[in-house]
Amino acid sequence: MLCLPGSLVSAAGPVLVPTRLQTELVLRCYKETDCDLCVRVAVHLAVHGYWEEPEDEEKFGIAEDPAIEEPRNASLQAHVVLSFQAYPTARCVLLEVQVPAALVQPGQSVGSVVFDCFEAALGAEVRIWSYTQPRYQKELNLTQQLPDCRGLEVRDSIQSCWALPGLKVSADGDDVRLVLDVPEEQRFGLSLYWNQVPGPAKPWWHRNLTGPQTITLNHTDLVPCLCIQVWHLEPDSVRTSICPFREDPRAHRNLWRAARLQLLPPRAWRLDAPCSLPAEATLCWQAPDGGPCQPLVPPLPLENVTVNKALEFPLLKGHPNICVQLLLFLVPLTLAPSEQVSTWEKQELQECLWADSLGPLKDDMLLVETRGPQDNRSLCALEPSGCTPLLSRASTRAARLGGPLLQDVQSGQCLQLWDDDLGALWACPMEKYIHRRWALIWLACLLLAAMLFLLLLLKKNHVKGWLRLLKEDVRAGAAARSRAALLLYSADDAGFERLVGALASALFQLPLRVAVDLWSRRELSAQGPLAWFHAQRRQTLQEGGVVILLFSPGAVALCREWLQDATSAPGAHGPHDAFAASLSCLLPDFLQGRAPGRYVGAYFDRLLSPDAVPALFRSVPVFSLPSQLPDFLGTLQGPAAPHPWRLAEKAEQVSRALQPALDSCFRAPGTGCGMGPEAEDRT
């Protein structure tokens, strides 16, 4: 029959309606080894509706009409339609069902009717609908993915499974080999696709080939949802699929590197990735001082984020300080074969609205309003130390300005970002309070300048000497500012990264124009470590600058690994490890004698001995820090370096800036920077 559901109609009495669909895979066999896959469908039925009592009978107790009583005692009949669709075929059947009157109870199940059965192709996606004629309610539907030959235990009974192309996946160093066992000169189709959930599969690579074949995939192309499908180039041939990279750590790392967080106007965001991946999203408030982004209410849904789908911000208004943070979870990595212990790797992505169209970050104060029972309300200001209640005695900026900020909220001078039964968010401008503070600072500066002028008049003889020293400092400072420095290091652990940050900040105060990946996370995520290093190296050397190689145990291990086998890259590193990405470009400069004058080496004397630096890199000056800081700074500043006694002063300043970071690294006995898990793995 034709499948025409028609419109919904009202039932004049009790009727049978389908309530649930249930399927079972069976074989329809013509011979013992000649069977087809078949789908058996069971439709569960129930009674819907009831007989209505006549109004006159209810009011006046009139006796029931025998003509009305007769259909109530009769059996209940129904025509149930089953629609089965499996590309490229579709089939519709009409089932006539009769239920004895004794089983007709409104709202009760009366059993099920089984149709045996619908033939379907292996690996097909089938869709089943069921409804009655006439239709009394919305039709039931069920979608099911049938297994292919790999998923069937009885594939020996299905002839179409006998001649499937064989497919094997094997490792070839960093690459992956797909070996297809196909008879010579036999043609077959091969497709590589991303099996995303939810959403249809997206073809990535498709070819018609002649067997046998061996295809090589680069390890960077692997992602967990990459699947392989192969079939004979014959009409209606069976296709077999395999997804071999679901548990491959390299595939999960590639997926993590490919994930991108994008902001969409006016107030939406999206996570772009080739596969689904577990992630949690939160809104946060980013202050202009560069501190950590503080989580906000309302929280975004904590369930896994759907990739490649635009999601809306739960906000009334946008603000440049509002950011989205995504916490990505990577595949669990087993620590040892005998231990059932796993750990999840995590990575954070962040994008802020100021990067879109709302301008730079603002020095606004965010107020959090909490609403309780009986219209109780409280306000606190979000600060790095926490949420400070207004009108409190705390020694913070929000506490000092609690009264004026409360008046700003009441007078409508603050922007309401979010409003809910549980609370609200307000962004209050702080410009007028900052202007008052600057007025007091300027007044204090004027008084200090007047006092210094009087002091200079009293000591005229020393003024000329001070001016001469000042002139030398200005010249030296101008020369230093014209010198750029690119600092490269291996991110061994968090303690060593803090030490590198302290060194970069101290060199920046000399001043030198220092470029380091710690200060360029956004550019690294967008460009990748290798592209970022190429751009920074080219700009530094074109401006007559110098590249600083900061050696650590992890960096030395990486260099030795490259020197032992220069044709293979080191193992997997973090997405911001510019040192590992730069080795392929640094080594040719040293091997071909172009390094002197362009590179400088350094190491912390408490981490490495002088002999630990590979001999290849000793063709340029290598300094021990902080013991050789004056010579190190003199080499960085080049011909325009100041007098030795001035270099000693600057070296003392840099040493004092490094000391807290050095102390924190070696505070616990037997521990030190550069000896984290990553450094141990490399050595």
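These numbers come from the heavy atoms of this one structure, side chains and all, not from hydrogens, waters or symmetry mates.
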### Query
Taking only residues two or more places apart in sequence or in another chain, which ones pass side chain to side chain donor-acceptor pair (under 3.5 Å) with Asp364?
His319
### Query
What closest approach, in Å, do Ser624 and Asp605 show between heavy atoms, and which atom pair accounts for it?
OG-CB, 2.9 Å
### Query
Would you call Arg177 and Ile215 a side-chain contact if the rule is heavy atoms closer than 4.5 Å?
no
### Query
If you take all heavy atoms of Val620 and Gly601, which pair is closest and at what distance?
CG2-N, 4.2 Å
#### Entry: Nearest-0.5 Å distance, CZ of residue Arg538 to CZ of residue Phe533
11.0 Å
### Summary
Output for pair (Arg246 CZ, Cys275 SG), nearest 0.5 Å, gives 10.5 Å
### Task
Could you grab the distance from atom CG of Leu425 to atom CH2 of Trp285, nearest 0.5 Å is fine?
9.0 Å
### Message
Taking the side chain as everything from C-beta on, heavy atoms only, tell me whether Val307 gets closer than 4.5 Å to Pro274.
### Response
no
### Query
Do Asp611 and Ser609 meet the criterion of a side-chain donor-acceptor pair at a distance under 3.5 Å?
no
## Note on the structure
CG of Leu226 to CG of Asp221, rounded to nearest 0.5 Å, is 8.0 Å
### Task
Decide yes or no on side chain to side chain contact (heavy atoms under 4.5 Å, CB included) for Leu486 and Leu541, but give the supporting numbers first.
CA-CA 9 Å; Leu486 173 60; Leu541 296 181; over 6 Å; no
#### Entry: Heavy-atom side-chain contact between Leu326 and Glu280 under 4.5 Å
no
### Message
Test your reading of the model: is there a side-chain donor-acceptor pair from Ser655 to the backbone of Ala651, 3.5 Å cut-off?
### Response
no
### Task
Could you label the plane-to-plane angle of the Phe496 and Tyr489 rings as parallel, tilted or perpendicular, counting under 30° as parallel and over 60° as perpendicular?
tilted
### Task
Search all heavy atoms of Leu361 against all heavy atoms of Ala287 and return the closest pair with its distance.
CD1-O, 4.1 Å
### Query
Roughly how far, to the nearest 0.5 Å, is CG of Leu327 from OG1 of Thr282?
8.0 Å
### Task
Test side chain to side chain contact (heavy atoms under 4.5 Å, CB included) on Arg537 and Arg598 and set out the steps.
CA-CA 10 Å; Arg537 174 180 172 272; Arg598 307 167 76 182; 4.1 Å; yes
### Task
Measure the shortest side-chain to side-chain distance between Leu633 and Leu507 over non-hydrogen atoms and say whether it is less than 4.5 angstrom.
yes
### Sidechain-backbone polar pair: Arg270 side chain, Leu311 backbone, donor-acceptor under 3.5 Å
no
### Message
Restricting to side chain to side chain donor-acceptor pair (under 3.5 Å), what partner residues turn up for Ser505, sequence neighbours left out?
### Response
none
## Note on the structure
Note: Glu523 and Trp532 closest approach over all heavy atoms is CB-CD1, 3.9 Å
### Query
So, Asn254 side chain and Arg250 main chain: donor-acceptor pair closer than 3.5 Å or not?
yes
### Message
I'd like to know if the side chain of Asp248 and the backbone of Pro224 have a donor-acceptor N/O pair within less than 3.5 Å.
### Response
no
### Message
Please evaluate residues Val324 and Leu283 with respect to the criterion side chain to side chain contact (heavy atoms under 4.5 Å, CB included), reporting the C-alpha separation (whole Å), side-chain torsions for both, the decisive distance (0.1 Å), and the verdict.
### Response
CA-CA 5 Å; Val324 179; Leu283 285 181; 4.0 Å; yes
#### Entry: Flag side-chain contact, heavy atom, 4.5 Å: Leu349 against Gln325
no
### Message
A side-chain contact here means heavy atoms from C-beta on lying under 4.5 Å apart; do Tyr603 and Ser552 qualify?
### Response
no
## Note on the structure
Sorted by chain and number, sequence neighbours left out, salt bridge (charged side-chain N to carboxylate O under 4.0 Å, His left out) with Arg260 holds for none
### Task
Would you check if the side chain of Asp517 reaches a backbone N or O of Leu488 as a donor-acceptor pair within less than 3.5 Å?
no
### Message
Looking at Cys284 and Cys323, is the distance between their SG atoms under 2.5 Å?
### Response
no
#### Entry: Any donor-acceptor N/O pair, Glu652 side chain to Ala648 backbone, under 3.5 Å
no
#### Entry: Intermediate values then yes/no, side chain to side chain contact (heavy atoms under 4.5 Å, CB included), Leu296 and Ile322
CA-CA 9 Å; Leu296 290 181; Ile322 296 291; 3.5 Å; yes
#### Entry: Contact check, side chains of Trp269 and Leu264, non-hydrogen atoms, under 4.5 Å
no
### Query
Roughly how far apart are Asp589 CG and Tyr599 OH, rounded to 0.5 Å?
3.5 Å
### Query
Between the side chains of Gln294 and Gln286, does any donor sit under 3.5 Å from an acceptor?
no
### Query
Can you find a pair of side-chain heavy atoms, one from Ile228 and one from Tyr193, that are under 4.5 Å apart?
no
### Query
Which heavy-atom pair separates Ala484 from Thr540 by the least distance, and what is that distance?
O-CG2, 3.8 Å
### Query
Is a side-chain N or O of Arg483 found less than 3.5 angstrom from the main chain of Gly544, in a donor-acceptor match?
yes
### Summary
Taking every heavy atom of Arg618 against every heavy atom of Pro610, the minimum-distance pair comes out as NH2-O, 3.7 Å
